[in-house]
Amino acid sequence: MSNLNHIFIICSTIVIAMSLMPTYHCRTLKPDDLKLIEKTCNNTPIPNLCLQILKADPRSASADIPHLALIFVDVIKVKANEALIKINKLLKGSGDKQVLKSCAGAYHAILVGDVPMATQALQLGNPKFAEDAVADSSLEAMDCEEDFKGKSPLTKENTYMRDVSDVARAVIRNLL
Amino acid sequence: MIPEFEPPLGSHPIPHTLEWGSYKFCQCITHSSLHNSHALCLCTQVINHNTTTILFLTMEHHKPLLPTSSESEGCPSPNPRTRKDKGLLLVLGGFLLLSSLVAYGGYRASHLPHAHVASPTSNHDQHSSKSVPSTKWHPVSRGLSSGVSEKSSTVSFATSQPFPWDNSMLSWQRTAFHFQPDKNWMNDPNGPLYYKGWYHFFYQYNPNGAVWGDIVWGHAVSRDMIHWLHLPLAMVADQWYDKNGVWTGSATILADGQIMMLYTGSTNESVQVQNLAYPADPSDPLLVDWIKYPGNPVLVPPPGIGVKDFRDPTTAWLTPEGKWRITIGSKLNKTGIALVYDTVDFKTYELKEGLLRAVPTTGMWECVDFFPVSKENVNGLDTSTNGAGVKHVMKVSLDDDRHDYYSIGTYDENNVLFTPDDAKNDVGVGLRYDYGIFYASKTFYDQNKARRILWGWIGESDSEYADVAKGWASVQSIPRTVKLDTKTGSNLLQWPVAEVESLRLRSDEFKNLKAKPGSVVSLDIETATQLDIVAEFEIDKESLEKTVESNEEYTCSTSGGAAQRGALGPFGLLVLADDGLSESNPVYFYVTKGSNGNLKTSFCSDQSRSSEANDVRKQILGSVVPVLKGEKFSLRILVDHSIVESFAQGGRTCVTSRVYPTKAIYGAARLFMFNNATEATVTASLKIWQMNSAFIHPFHPDQKN
């Protein structure tokens with residue numbers, strides 16, 4: 001009898017887990033969502049990057065443009081964090097400490113300035129401040145890159161930050 | 001797994017801990033002795049059982065001051081203050097000594113002898129300047145054409161400096177006589193008014209940081225719109241209907257002296273609504289405390305209008321029926337519109353059918369302003385004035401491009417319609433108040449001196465990195481009088497209020513200074529960071545006649561700035577320049593002779609070489625300016641550290657810019673006159689005043705008189 005109980009419990013657990021899985025892992029977007037995402041991404045400088053980011057985020061389903069833009073702002077936040085961690089590591093090595101510290105300041109500004117400003121601006125419907133913020137985050141990354149004068153250990157991070165910011169900016173322009 | 005972290009904005013209580021990346025800031029102390037609030041933090045990181053201790057100066061510098069490594073210290077104990085205090089004090093003392101040395105270096109008082117120096121004199125004609133061949137003029141890069149924090153594009157200067165900002169340079173940027181709070185972010189001017197002997201100024205303010213967000217109403221008062229005293233915040237986000245932001249609004253003063261303040265609230269659900277507030281104590285001339293009407297909100301977005309497209313109510317004016325009328329900007333798709341409401345008590349409103357004006361492709365209309373100007377005399381008019389001798393001005397701030405546009409036309413008060421005089425100069429597509437940084441502007445009628453006064457928000461054009469480091473962002477323009485240009489009839493004139501002249505200290509005068517083509521003349525004045533400059537220029541008649549007509553179309557923003565030479569220009573002044581001219585901000589006229597023989601003049605402010613820093617905007621700002629027959633080329637420039645306000649032809653064209661030099665600061669800043677034309681000789685007369693500080697500071701009770 002206890003065996004049957006065990007089997008029952010295990011089976012129901014599996015069934016429940018399987019029924020929950022699609023809602024969590026399911027990334028198939030509804031046709032209308034996809035249309036908005038594709039239309040929006042086609043008007044950005046890097047449509048592929050735009051699509052890749054939005055399709056990977058479940059929140060893009062039935063999101064309006066401000067919420068699509070917020071997804072990019074989240075990516076900016078995560079990537080700025082990652083860049084800072086890498087910079088801290090590089091600071092222990094033999095790289096140009098002064099430039100690295102300036103880059104840290106740039107990414108710090110993205111985190112404490114641009115990200116909160118863009119987030120609040122998009123949530124509250126004052127999109128010009130969101131555009132200003134992501135325009136800045138793009139330039140901060142490029143300043144950091146330029147400062148290494150060709151010998152940058154952060155090219156991947158800086159280029160990605162610039163690209164995501166430029167895409168975010170194009171998305172936000174739809175609101176202005 | 002990326003650690004989640006959210007560095008808090010602004011200053012922090014003592015002591016506190018911060019997460020910064022993988023560092024744990026063991027202890028931060030806020031030091032008021034250092035410029036702006038920032039914290040000195042001793043932080044420790046443990047990686048692979050090795051402990052590294054680093055001293056950081058946060059919110060201003062992010063360079064480790066003293067990297068030390070200690071393996072004997074484990075994770076910090078909760079209160080290691082006493083043992084580490086002495087060490088911190090020593091370091092702090094060392095840093096203070098260092099920064100005072102840097103500041104002293106910047107304050108070099110000595111004059112360097114100049115090769116081509118014009119000395120001021122008031123009695124006799126000037127000796128002519130020697131010409132300097134224009135080898136100093138390098139081709140300049142053009143900044144990107146839009147967006148904040150523009151940086152130099154592909155052409156990089158050999159001397160271009162990455163992130164050069166130190167405390168000395170950043171401190172210098174604070175203005176001496178423009179309104180700005182002690183720290184943090186400011187944007188739109190709100191509810192300006194004159195009441196019981198005091199000018200009041202309210203403003204959008206973020207108490208938590210140097211970026212837009214968490215907006216509340218700041219407040220300041222002044223006897224003369226120049227010497228401001230900071231008061232406590234007038235309104236904070238303490239109601240559901242403004243929980244997400246106490247946004248922009250305007251004041252209406254009723255006939256009996258009551259003040260009705262209408263403002264936009266962003267509700268707890270991010271809906272934009274209009275609310276009413278009024279002074280708690282009308283007998284308090286300082287209007288310190290405000291009451292929000294218990295029945296708020298008084299207006300919610302009407303059907304068909306987006307809940308986030310409904311903000312910035314105007315001052316009210318009287319209708320033929322004796323009701324009060326306001327307008328609120330919005331948009332329908334990409335058409336900017338102005339909604340109109342009538343009210344008798346500012347509590348209940350009637351939405352009027354139709355729109356005051358609508359213009360396709362302009363997008364959202366923010367900070368709409370609507371006011372009369374006199375056709376006949378120079379005085380300002382109360383907002384309700386209408387009639388034969390009156391034109392109306394409708395102004396909008398365009399969300400899309402962050403510029404303020406105005407249109408002159410007629411107001412049909414019965415049909416509630418504004419019609420522009422010239423369709424080319426319709427609302428949002430025609431003339432701008434200012435061709436530089438100038439947004440969310442707002443006028444009010446100053447009944448004290450019968451003037452219409454204009455306030456404009458001047459944002460930053462540097463990087464967020466610098467704003468976070470210096471701990472503040474934005475200033476306001478010097479208030480300007482606004483009136484109709486009766487000579488042209490088709491534009492407004494703006495001019496700094498006369499009260500700013502009370503700051504004038506000693507002056508230097510230069511009469512009939514001749515500058516041959518391709519010359520730079522050093523103007524021997526004491527210091528050059530706080531100036532009021534008035535100048536007139538003339539081009540020699542021979543060049544004017546000889547110069548061939550051309551089809552050349554000159555636009556400041558697409559030109560090569562002061563380095564692009566034409567027959568009859570550019571000529572003007574180099575402000576905030578250093579001795580070697582590695583940094584300078586030319587403000588100039590560029591004259592062309594059209595195919596009909598008529599002269600066309602542009603007035604530009606050229607930031608392209610204004611700083612060796614690469615994280616500041618470097619555009620050439622400006623516009624054409626009408627110069628009428630018989631008029632000389634005249635300009636006025638207010639230089640106040642990182643803001644330069646320029647006015648041409650008595651305020652027909654205005655250009656405000658933000659300038660962030662790294663070298664041309666403190667005693668190293670100079671003023672030059674220049675003529676980079678190829679043919680014209682230019683004769684200039686100038687008067688230059690040193691400007692005192694306005695000493696803007698918090699109000700103390702004994703200052704009521």
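Letters A, B, ... mirror the listed sequences (proteins, then strands); counts begin at 1.
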Where do A/His108 and B/Tyr465 land on the side-chain contact (heavy atoms from CB on, under 4.5 Å) test, with the steps shown first?
CA-CA 8 Å; A/His108 178 67; B/Tyr465 170 92; over 6 Å; no
Between A/Pro66, A/Cys103, A/Ala109, the one whose heavy-atom pairs under 4.5 Å with chain B are most numerous
A/Ala109
Chain A heavy atoms under 4.5 Å from [X]: which part of the residue, side chain, backbone, both or neither?
X: B/Gln272; result: side chain
X: B/Asn187; result: side chain
X: B/Phe310; result: neither

Nearest atoms (heavy-atom pairs only) where [X] meets [Y]:
X: B/Asn614; Y: A/Glu146; value: ND2-OE1, 3.6 Å
X: A/Gln120; Y: B/Asn244; value: OE1-O, 4.4 Å
X: A/Met117; Y: B/Val211; value: SD-CB, 3.7 Å
X: B/Trp247; Y: A/Leu124; value: CH2-O, 3.6 Å

Report yes or no: does [X] contribute a side-chain atom to a donor-acceptor pair with the main-chain N or O of [Y] at less than 3.5 Å?
X: A/Gln123; Y: B/Ser270; result: no
X: A/Asp136; Y: B/Glu464; result: yes
X: A/Glu140; Y: B/Ser463; result: no
X: B/Glu366; Y: A/Asn126; result: no

Using the six-membered ring wherever Trp is involved, compare the ring planes of A/Phe129 and B/Trp212 and label them parallel, tilted or perpendicular (cut-offs 30° and 60°).
parallel
Quick check: are there more than 12 heavy atoms from other residues, nucleotides or ligands sitting under 6.0 Å from [atom1] of [X]?
X: B/Asn333; atom1: CG; value: no
X: A/Lys35; atom1: NZ; value: no
X: A/Lys86; atom1: NZ; value: yes

Verdict with reasoning, B/Asp615 to A/Leu139, per side-chain contact (heavy atoms from CB on, under 4.5 Å):
CA-CA 8 Å; B/Asp615 60 340; A/Leu139 292 168; over 6 Å; no
Using 4.0 Å as the upper bound for N to carboxylate O, is an ion pair formed by B/Asp400 and A/Lys128?
no
Which region of A/Leu175, side chain (C-beta onward) or backbone (N, CA, C, O), has a non-hydrogen atom less than 4.5 Å from a non-hydrogen atom of chain B, or is it both or neither?
backbone
